[in-house]
Asks: 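I'd like to ask some things about the structure below.
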Amino acid sequence: MHVDLYDFHLPEELIAQIPLPDRSASRLLTMDKRSGKTEHRHFTDILEELRPGDTLVLNDTRVIPARLFGIKEDTGAKAEVLLLKSLGEDRWEALVKPGKKLKTGAVISFGEELQAVIEEESDMGGRTLRFMYNGIFQEILDRLGMMPLPPYIKEKLDDRERYQTVYARNEGSAAAPTAGLHFTEELLDKIKAKGVKLAYITLHVGLGTFRPMSVETVEEHVMHAEFFMLSQETADILNEAREKGSRIVAVGTTSCRTLETVGGMFKGGPLEACSGWTDIFIYPGYEFKLVDALITNFHLPKSTLVMLVSALAGRENILAAYQEAIEEKYRFFSFGDAMFIY
């Protein structure tokens, strides 16, 4: 399959630059994955779309302030670092700018309390950095770091918490699981009161989010590995849902990928607590093992995420729905509107 099959024209003005004042005030496009039928609603209407007995699965990862600005010590030139994955012992996988000037052995200073030396180089600006500091790294990062907003967002984010879900608790992501940004505590309470079970998984969003596809055919693409965790409590909730035949609704592509990874590990048997790394790539032709429905945002053209939703609902249905969303002036990407595929 050629990557261009998942291309579409998106007017730049539809890329949401700032979050809405009210998280749940976004719009919601609902789509029947079998027929392709769509409806235009508001996100709070998700309460009507969910059924008693459904299990809603949310990714509770928390974004770290992973973007650091410093200088190259020997020249004073500006340097930018985006932390992606902790490797332990103060070593991190990261992206750097400018990549051509930041080579192995270079030292970057972020002020008196934090420096980093580049230990290894990889492709497309990837580096392994070792940090040197006095004190507690996380506290220093909280002071010096900025939230790693995607490159298509040009506006400054005044409130860091607006790039976190209200249920974020396990630190480690380089990007937010943005489908979850629409939920408020009040809306989640109403969903629980309706008889919908909430289950939490963790997938720390990493390098794959920031790298565009650089191949011509879908099958050539290799996903970057990301760390996930599934608790026994969540495994038990999911096992019960499967036994009863009730729907499992993933909130976001990160929850979907985690669930499908776990479903593949246990091959139809009872799920158990587990953790590990996943590089699962879901595209049309994939057979879903756990996920019945998906709440998601609108994604970039030719992205792995457009391919994932196309695997669930069909490429033609998805592209038609996206065209409808464009005509109706929906807001796209991280701070944009939502879609419910059921």
Asks: Just to verify, what does Asp22 make a side-chain hydrogen bond (donor to acceptor under 3.5 Å, both in side chains) with, not counting sequence neighbours?
Replies: Ser24
Asks: With sequence neighbours left out, write down each residue that passes ring pair (Phe, Tyr, Trp, His ring centres under 6.0 Å) with His42, or none if nothing qualifies.
Replies: none
Asks: Any salt bridge (charged side-chain N to carboxylate O under 4.0 Å, His left out) involving residues 292-309? Give me the pairs, sequence neighbours left out, ordered by first then second residue.
Replies: Asp4-Lys302
Asks: Using the test ring pair (Phe, Tyr, Trp, His ring centres under 6.0 Å), find all partners of Phe8 that sit at least two apart in sequence or belong to another chain.
Replies: Tyr322
Asks: Show every salt bridge (charged side-chain N to carboxylate O under 4.0 Å, His left out) that has at least one partner inside residues 128-152, sequence neighbours left out.
Replies: Glu113-Arg143, Glu119-Arg130
Asks: Enumerate the residue pairs fulfilling salt bridge (charged side-chain N to carboxylate O under 4.0 Å, His left out) with a member in residues 181-190, sequence neighbours excluded, ordered by first and then second residue.
Replies: Glu186-Lys190, Asp189-Lys192
Asks: Considering residues at least two apart in sequence or located in another chain, which fulfil the ring pair (Phe, Tyr, Trp, His ring centres under 6.0 Å) criterion with Tyr6?
Replies: none
Asks: Going by side-chain heavy atoms closer than 4.5 Å, which hydrophobic residues are tied to Leu187, directly or by a chain of links?
Replies: Leu28, Phe43, Ile46, Leu47, Leu50, Leu56, Leu58, Val166, Tyr167, Phe183, Leu188, Ile191, Val196, Leu198, Tyr200, Val249, Val251, Ile295, Phe340, Tyr342
Asks: Going by the rule ring pair (Phe, Tyr, Trp, His ring centres under 6.0 Å), which residues pair with Tyr286 if we only count those two or more places apart in sequence or in a different chain?
Replies: Phe288
Asks: Filter on salt bridge (charged side-chain N to carboxylate O under 4.0 Å, His left out), then keep only pairs touching residues 255-273, sequence neighbours left out; what's left?
Replies: Glu226-Arg257
Asks: Can you name the side-chain hydrogen bond (donor to acceptor under 3.5 Å, both in side chains) partners of Arg41, sequence neighbours left out?
Replies: Glu48, Glu49
Asks: Through direct or indirect side-chain contacts below 4.5 angstrom among Ile, Leu, Val, Met, Phe, Trp and Tyr, which residues connect to Ile64?
Replies: Leu68, Val81, Leu83, Trp92, Val96, Leu102, Ile108, Phe110, Leu114, Ile118, Leu129, Phe131, Tyr133, Phe137, Ile140, Leu141, Leu144
